[in-house]
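In the text below, chain A, chain B and the rest are named by the order of the sequence lines, each starting its count at 1. No experiment lies behind these values; they were computed from the predicted model shown.
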Protein chains: 2
Amino acid sequence: MLEPSHQSAADEPPNWQRFLTARAGEQIATRNQSSSDVFVLCTGWAFRFLQLPDGRRQILNFLLPGDLLSVVTIFDKQFQFSAKAVTAIQLSGFVRSEILTRCKVSPGIQSAIGRCCVEESRAAGELAGVLGQRSADERIAYLFLHLMHRISARSVVRDHRYPLPLRQQQIADAVGLTPVHVSRVLSMFRDRRICVLSENVLNVLDHAELERIGAIG
Amino acid sequence: MLEPSHQSAADEPPNWQRFLTARAGEQIATRNQSSSDVFVLCTGWAFRFLQLPDGRRQILNFLLPGDLLSVVTIFDKQFQFSAKAVTAIQLSGFVRSEILTRCKVSPGIQSAIGRCCVEESRAAGELAGVLGQRSADERIAYLFLHLMHRISARSVVRDHRYPLPLRQQQIADAVGLTPVHVSRVLSMFRDRRICVLSENVLNVLDHAELERIGAIG
DNA sequence: CGGCAGTTTGATGTTACTCAATTTAAGTGG
DNA sequence: CCACTTAAATTGAGTAACATCAAACTGCCG
């Protein structure tokens, strides 16, 4: 997570930063497209994904406020993925060359980027482990726990209610299931009083059980 | 891929580099273990994997000569994964602090690391896409194509015969299938004259068909 | 020759997908 | 505020893909 630098009202807008917005559902990046900017999500939710030739897609990661679109966009001007807004969003773009220049003089930035790389790589490995080895219930429980963890890091969570503005189709694309099956698993979670997802809020009733199902080694 | 620097016979062994060997099947790294060294595989095959509590494992990547164990080991002393030797191997370890120091003065190294990060992230994303969205045939075809591509980059391939020292169990763990099902898919590939894996060699008979099955968008 | 690890094959079971119909929720314009 | 429209979620029945279990087979090494 990198925070976009604040811009005081009295200053001229700097030429190394620009702001963008997108509406819910709008595509904000396309694979193989080039950009001289590195983007940070400031408000709203988005996701990175791979589009397959037959129309299916794999969501690689949900993006929350403060997240870089992907850390590796710092090193490569070509996107290795596509990205879409889940809700209405605001993005901040920094010119890449500026970041790389600052990197050379600031060990702080350099190590922050390193930590981001580690985190992104860890998350990618975990996702592969979950998709390759675990059942439908476990995948969805894992996704919820993973998101809950990241939401908690950003804001106070009260009464085990987490804001989660996701359609079941998006959950399905993230965990490699069909939306129909996601619906069945969520019904099961609801019946067993584990958690309820409705009206863009995930209400966790039995955190211990959710962990028992979805925790990774 | 980073080449280990050569050490002339007349020199003293440098204190920032050390060599290691491991036998086939030996574990060479364990998750959460720390190491002050960054390792490069010099000879043989190995793989990185995640071990699940129930004993199953997901292979994240096969390592070929010249590969870093993982690029992100440059930024973090704790391994985020475990690793095992497939064949007998030789490893070269560089002390991390030395690499980071050189990074600051050499833009060449810095950008090489950047390219490695991009490549590793791209591969991780593709793996998630394959595991989440594609069928058994497609997963195995993808794995073969991916490995063929990497082998070709390292050595001349004659008569479409690729050295591939993998057990079916390892293929299974890499693509999220059971060894029994891997055997059936390989039988099918053999019957349909697409490719034959035996005696540690993958013989590709119908490259076009293999691509039709396993190519990613 | 015997033992072991790896592979193959068959029979059966389970999980998740597909297709299709129905219900619920969310907008939209009168 | 209410009919109308459309998107999302739920439910059921039938099916396909892959897992599981178990036995037979192969090649290799002592």
So does B:Arg154 pair up with B:Asp67, basic N to acidic O under 4.0 Å?
yes
Sequence neighbours left out, what pairs pass side-chain hydrogen bond (donor to acceptor under 3.5 Å, both in side chains) with at least one residue falling in residues 164-175 of chain A?
A:Arg57-A:Asp173, A:Arg167-A:Asn200, A:Gln169-A:Asp173
Without hydrogens or angle criteria, can the side chains of B:Ser70 and B:Gln80 be said to hold a donor-acceptor pair below 3.5 Å?
no
Could you list all N or O pairs between the protein and nucleotides 3-7 of chain C that sit under 3.5 Å apart?
unit_1, atom_1, unit_2, atom_2, d
C:dG6, O3', B:Arg167, NH1, 3.3
C:dT7, OP2, B:Gln168, N, 3.2

Taking CG from B:Leu131 and P from C:dA16, how many angstroms apart are they, rounded to a whole number?
15 Å
Tell me, for nucleotides 17-22 of chain D in 5' to 3' order, what letter each nucleotide earns: B for a base near a protein heavy atom under 4.0 Å, S for only sugar-phosphate near one, - for neither?
-BSBB-
I'd like to know if B:Glu126 and B:Arg122 make a salt bridge, using a cut-off of under 4.0 Å between side-chain N and carboxylate O.
yes
Between B:Arg96 and B:Asp37, does at least one N-O distance fall below 4.0 Å, as a salt bridge requires?
no
I'd like to check the salt bridge (Lys or Arg N to Asp or Glu O under 4.0 Å) partners of A:Asp54; sequence neighbours left out, ordered by chain and number.
A:Arg56
Distance-only side-chain donor-acceptor flag, B:Gln90 / B:Thr43, under 3.5 Å:
yes
So do A:Leu147 and A:Trp45 actually touch side chain to side chain, heavy atoms under 4.5 Å?
yes
Could you tell me the separation between the CZ atom of B:Phe189 and the C1' atom of C:dT8, rounded to a whole number of Å?
17 Å
Atom-pair distance (CD on A:Glu138; C1' on C:dT14), nearest Å:
14 Å
Test item: A:Ile89 and A:Leu41 side chains (from C-beta on) under 4.5 Å apart, heavy atoms:
yes
Tell me the salt bridge (charged side-chain N to carboxylate O under 4.0 Å, His left out) pairs involving residues 185-207 of chain A, sequence neighbours left out?
A:Arg192-A:Glu209
Whole-Å distance, A:Met188 CE to D:dT10 C1', equals 16 Å
Inter-axis angle, terminal five-pair segments of the helix from C:dC1-D:dG30 to C:dG30-D:dC1 [nearest 10°]
40°
